*Asks:* 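Please see the structure below; I have some questions.
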Amino acid sequence: MNVKVTHRGDALRILGGEQDVVRTEALLRQLYELVGTGFALHPSAVDHACRMMRESPDAPIQQIFSETLLIGVKKKAIFPRTPRQRSYVNAIRANDIVFGVGPAGTGKTYLAMAMAVGALKRGEVNRIVLCRPAVEAGEKLGFLPGDLAEKVNPYLRPLYDALHDMIETDKVQRFIEQGVIEVAPLAFMRGRTLSESFIILDEAQNTTSEQMKMFLTRLGFGSKAVVTGDITQIDLPGHTRSGLVEAIEVLRDVPGIEFAHFSHLDVVRHGLVSKIIQAYDRHRAPKRGREPGPGGAP
């Protein structure tokens, strides 16, 4: 916050420029009020609050942090940590198809999962369907050892990890066995109609145009779909265009479809992750004048 804070007893003294001092005082007052409600304030939450206040001095920090989406395993509260995350959550509430686009660590998939689990618990949907392209757009699993489940599971592990944060392990297994939660590679979606479901497509930057269209047209009555991806991490072969990049262009003006774009300011992992993303963005900046290649990358 560009200030120095000292304390004596229960009194704090903030030293710095006038605007920085006023902004820091507003931040601290909101954090104190938040703690007064019983919120467990961790250093990471303070860091996110500082970033929010720097970006938007009027950010309603207490209101954002108090908006609990779900109480997960070990009574862990899951909530949007930045204004963009809050807008993303509201977009999911208001629309049947939402795209979350941005760098790693911005909570795209995690918040979508929290919304899905919440919808399931409230009886708004009958099942959760989680999928992602396995390995490459062509889903070349044949060279991997083991049966189909053993081939696919490593690529779906991040989805399982998020699930286990929100639902007890034994209950997750029971839901999977009952078909209430389905975790599958994208290729398994072909030919299906998914009704009364909350569907999440992760790592969508590695879908082809055909796969993206196929996925989006699976939507049945009473369903929601959330598509997440990072267009700076496209792993498709050089002559294949990302289905996510194309969808952003083709669907941007379609009513009922919302796009949420995240930046390094929304990173909720280790503080270094945000700096790493900024460093790569600066490194790529001189090349951005060129046309993107076939895979969406410069």
Side-chain angles (χ1 to χ4, degrees), residues 1-94 100 102-119 121-122 161-162 164-167 260-278:
M1 300 296 291
N2 201 29
V3 297
K4 181 178 180 181
V5 180
T6 61
H7 73 92
R8 176 172 294 178
D10 60 357
L12 287 178
R13 188 181 184 196
I14 307 170
L15 304 173
E18 183 178 356
Q19 286 188 341
D20 293 328
V21 168
V22 169
R23 189 177 301 183
T24 304
E25 180 187 3
L27 168 66
L28 289 172
R29 288 190 185 281
Q30 289 197 65
L31 292 179
Y32 275 121
E33 290 174 11
L34 195 61
V35 171
T37 67
F39 183 86
L41 192 64
H42 297 288
S44 61
V46 177
D47 179 57
H48 301 321
C50 288
R51 277 192 261 165
M52 272 192 279
M53 189 62 81
R54 286 200 302 266
E55 183 185 4
S56 175
D58 298 323
I61 292 169
Q62 183 184 357
Q63 188 176 349
I64 290 172
F65 280 25
S66 298
E67 190 177 350
T68 301
L69 305 178
L70 187 73
I71 301 298
V73 176
K74 297 180 181 178
K75 297 185 178 179
K76 178 182 178 182
I78 298 168
F79 55 92
R81 294 173 180 266
T82 71
R84 283 191 184 92
Q85 287 191 351
R86 191 179 183 212
S87 297
Y88 176 54
V89 165
N90 289 335
I92 294 173
R93 289 191 180 114
T106 50
K108 305 180 299 293
T109 304
Y110 198 81
L111 288 174
M113 187 76 78
M115 294 294 285
V117 172
K121 287 186 173 182
R122 292 189 298 271
D161 289 343
H164 288 144
D165 264 5
M166 301 172 195
I167 306 176
H261 294 273
F262 297 88
S263 73
H264 67 89
L265 295 169
D266 303 295
V267 170
V268 292
R269 291 181 183 168
H270 192 289
L272 278 174
V273 175
S274 178
K275 295 177 182 177
I276 290 167
I277 291 167
Q278 291 179 75

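Bear in mind that the values here come from a model prediction, so they are computed numbers and not experimental data. Counting begins at 1 with the first residue of the sequence. Because only heavy atoms are used, hydrogens play no part in the values below, and waters and symmetry mates are left out as well, while side chains stay in.
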*Asks:* How long is the straight-line distance from CZ of Arg93 back to CE of Met115, given to the nearest 0.5 Å?
*Replies:* 4.5 Å

*Asks:* Enter the distance from Ile78:CD1 to Leu111:CG here, rounded to the nearest 0.5 Å.
*Replies:* 8.5 Å

*Asks:* side-chain contact (heavy atoms from CB on, under 4.5 Å) between Leu12 and Leu28: does it pass, once the steps are laid out?
*Replies:* CA-CA 10 Å; Leu12 287 178; Leu28 289 172; 3.9 Å; yes

*Asks:* Measure the spacing between CD1 of Ile14 and CE of Met1 and express it to the nearest 0.5 Å.
*Replies:* 9.0 Å

*Asks:* Taking it one step at a time, do Ile167 and Val117 satisfy side-chain contact (heavy atoms from CB on, under 4.5 Å)?
*Replies:* CA-CA 8 Å; Ile167 306 176; Val117 172; 3.9 Å; yes

*Asks:* Quick one: closest heavy-atom pair of Thr106 and Ser263, and the distance?
*Replies:*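 In this case the closest contact between Thr106 and Ser263 is CG2-O, 3.5 Å.
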
*Asks:* Would you tell me whether Tyr110 and Asp165 have side-chain atoms, one donor and one acceptor, within less than 3.5 Å of each other?
*Replies:*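 Short answer, yes.
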
*Asks:* Could you pull out the closest heavy-atom pair between Ala260 and Tyr88, with the gap in Å?
*Replies:*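 The pair with the smallest heavy-atom distance is CB-CD1, 3.6 Å.
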
*Asks:* Atom CE of Met113 and atom CG of Leu70: how far apart are they, to the nearest 0.5 Å?
*Replies:* 11.0 Å

*Asks:* Supply the atom-to-atom distance Phe79 CZ to Arg86 CZ, rounded to the nearest 0.5 angstrom.
*Replies:* 13.0 Å

*Asks:* Quick one: closest heavy-atom pair of Thr24 and Asp20, and the distance?
*Replies:* OG1-O, 2.7 Å

*Asks:* Would you say the side chain of Thr6 lies within less than 4.5 Å of the side chain of Arg8, judging by non-hydrogen atoms?
*Replies:*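 When only atoms from C-beta onward are counted, Thr6 and Arg8 do not touch, as no gap falls below 4.5 Å.
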
*Asks:* Is there a donor-acceptor pair closer than 3.5 Å between any side-chain N or O of Lys108 and the backbone N or O of Gly102?
*Replies:* yes

*Asks:* Between Leu27 and Ile61, is a side-chain contact (heavy atoms from CB on, under 4.5 Å) present by the stated rule, with each step listed?
*Replies:* CA-CA 8 Å; Leu27 168 66; Ile61 292 169; 3.4 Å; yes

*Asks:* Rounded to the nearest 0.5 Å, what's the gap from CD on Gln63 to CD on Glu33? Could you check?
*Replies:*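 Atom-to-atom, Gln63:CD and Glu33:CD are 12.0 Å apart.
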
*Asks:* Might you point out which heavy atoms bring Ala104 and Val267 nearest each other, and give the distance in Å?
*Replies:* O-CG2, 3.8 Å

*Asks:* With a 4.5 Å heavy-atom cut-off, do Met53 and Gln30 have their side chains touching?
*Replies:* yes

*Asks:* Is a salt bridge present between Arg29 and Glu25, judged by a nitrogen-to-oxygen distance below 4.0 Å?
*Replies:*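 A salt bridge is present here (some side-chain N lies under 4.0 Å from a carboxylate O).
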
*Asks:* Of all heavy-atom pairs between Gly100 and Phe262, which one has the smallest distance, and what is that distance?
*Replies:*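 So the minimum-distance heavy-atom pair works out to CA-CE1, 4.1 Å.
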
*Asks:* Where is the tightest heavy-atom contact between Lys121 and Met166, given as atom of each residue plus distance?
*Replies:* NZ-O, 4.1 Å

